[in-house]
Amino acid sequence: MSVHIEAKPGDIADKILLPGDPLRAKYIAETFFEDPVCYNQVRGMLGYTGTYNGKRISVQGTGMGMPSATIYAQELIESYGVKRLIRVGTCGALSKDVHVRDLILAQGAVTSSAMVQKHFHDFHFAPIADFHLLKSAYEIAEKQGFTTHVGNILSEDTFYKDDMTETFQLAKLGIKGVEMEAAALYYLGAKFGIQTLAICTVSDHMITGEETTALERQTTFDEMIKVGLDTALS
Ligand SMILES: O=P(O)(O)O[C@H]1O[C@H](CO)[C@@H](O)[C@H]1O
Ligand SMILES: O=c1cc[nH]c(=O)[nH]1
């Protein structure tokens, strides 16, 4: 038992998927796992363990934003020995080449967040994905024929921004999408020497205004989930 997770030692697999939305965690467990068991209901942040293709795996909701996500990720690593954490999230597209429902594998995550930058006076840490997970995810997605982009994303602390000028400046540097957790997850990966990757489905488009509904974000992003599960167990 940790501060925010009521599971007993051994209840959580060493490979885990991390959606922000706890109801996406429930959907993943109930749709894809054999024999799912719910190990966490504290704060409604649902977590489940089951098997997928005969192998043990867990899924844990993390909430929105880096402060919430890192609480769950750090407790999973330190209290439950999780070694491989794969975010399965949503993001807004920042490029015309990226479309709603495409997948983005976040090779790196730019951020101005204090969750990463507060640790340094003189440096700007570059949060990056685990190369082996990134390579596996790309190969799995390509084999399935899923439309997949690989590159930098932006991890923001603010969902509703007053001024998008700098966000679109970053888009000109090839940033493909914006979300709110990957950079801090990658920082924890580096800090604890464990494997982290963020896979995002584009849920809305910041240039065209196209968007998906909350129910679609909760229950229909199966391509990302399949890539996440196969990568976790690769
Ligand atoms: O759909 P999830 O995984 O929550 O991810 C994205 O959606 C939330 C904002 O709506 C933020 O958490 C952002 O990163
Ligand atoms: O953080 C996020 C997630 C999805 N879409 C956005 O525009 N921002």
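Just so we're clear, the structure is a prediction, and the values are computed from it rather than from any experiment. In what follows, every heavy atom counts, from backbone to side chain, and hydrogens, waters and symmetry copies are set aside. Read the numbers this way: they start at 1 and go in the same order the structure lists the ligands and their atoms.
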Original post:
Can we say Arg101 and Glu216 salt-bridge, meaning some charged N sits less than 4.0 Å from an Asp/Glu carboxylate O?
Top reply: yes

Original post:
Touching ligand 1 at all, Arg217? Heavy atoms, strictly under 4.0 Å?
Top reply: no

**OP:** Please confirm whether the backbone N or O of Ala13 pairs with a side-chain atom of Tyr80, one donor and one acceptor, at under 3.5 Å?
**Re:** no

**OP:** Out of Glu181, Met224, Gln218, Met64, indicate the one that has the non-hydrogen atom closest to atom 13 (C) of ligand 1.
**Re:** Glu181

Subject >> Distance-minimising heavy-atom pair for Glu179 and Thr90 >> reply: CB-O, 3.5 Å

**OP:** Please say whether Gly63 places an N or O atom under 3.5 Å from an N or O atom belonging to ligand 1.
**Re:** no

Subject >> For atom 10 (O) of ligand 1, closest protein heavy-atom neighbour >> reply: Phe159 CE1, 3.6 Å

Subject >> Contacts of Gln117 that satisfy side-chain hydrogen bond (donor to acceptor under 3.5 Å, both in side chains) - sequence neighbours left out >> reply: none

**OP:** Using salt bridge (charged side-chain N to carboxylate O under 4.0 Å, His left out) as the criterion, list what pairs up with Glu30, not counting sequence neighbours.
**Re:** Lys26

Original post:
Contact residues of ligand 2 with a heavy-atom cut-off of under 4.0 Å?
Top reply: Thr90, Cys91, Gly92, Phe159, Val178, Glu179, Met180, Ser203, Asp204, Met206

**OP:** May I ask you to say whether Lys135 pairs ionically with Glu139, meaning some side-chain N is under 4.0 Å from a carboxylate O?
**Re:** yes

Original post:
What's the shortest distance from atom 5 (O) of ligand 1 to any protein heavy atom, and which residue and atom give it?
Top reply: Arg87 NH2, 2.9 Å

Subject >> Short N or O distance, Glu179 and ligand 1, threshold 3.5 Å exclusive >> reply: no

**OP:** State whether the shortest distance between N or O atoms of Gly20 and N or O atoms of ligand 1 falls below 3.5 angstrom.
**Re:** yes

**OP:** Say whether, by atom type as modelled, one donor and one acceptor occur between the side chain of Gln107 and the main chain of Val150 under 3.5 angstrom.
**Re:** no

**OP:** Locate the shortest heavy-atom distance separating Gln60 from Ala25; write the atom from each residue and the value.
**Re:** C-CB, 4.3 Å

**OP:** Using the ring pair (Phe, Tyr, Trp, His ring centres under 6.0 Å) rule, collect all pairs that involve residues 140-196, keeping only residues at least two apart or in two chains.
**Re:** His119-Tyr187, Phe125-Tyr187

**OP:** Could you pull out, from Thr90, Ile153, Val88, the option with a heavy atom nearest to atom 6 (C) of ligand 1?
**Re:** Thr90

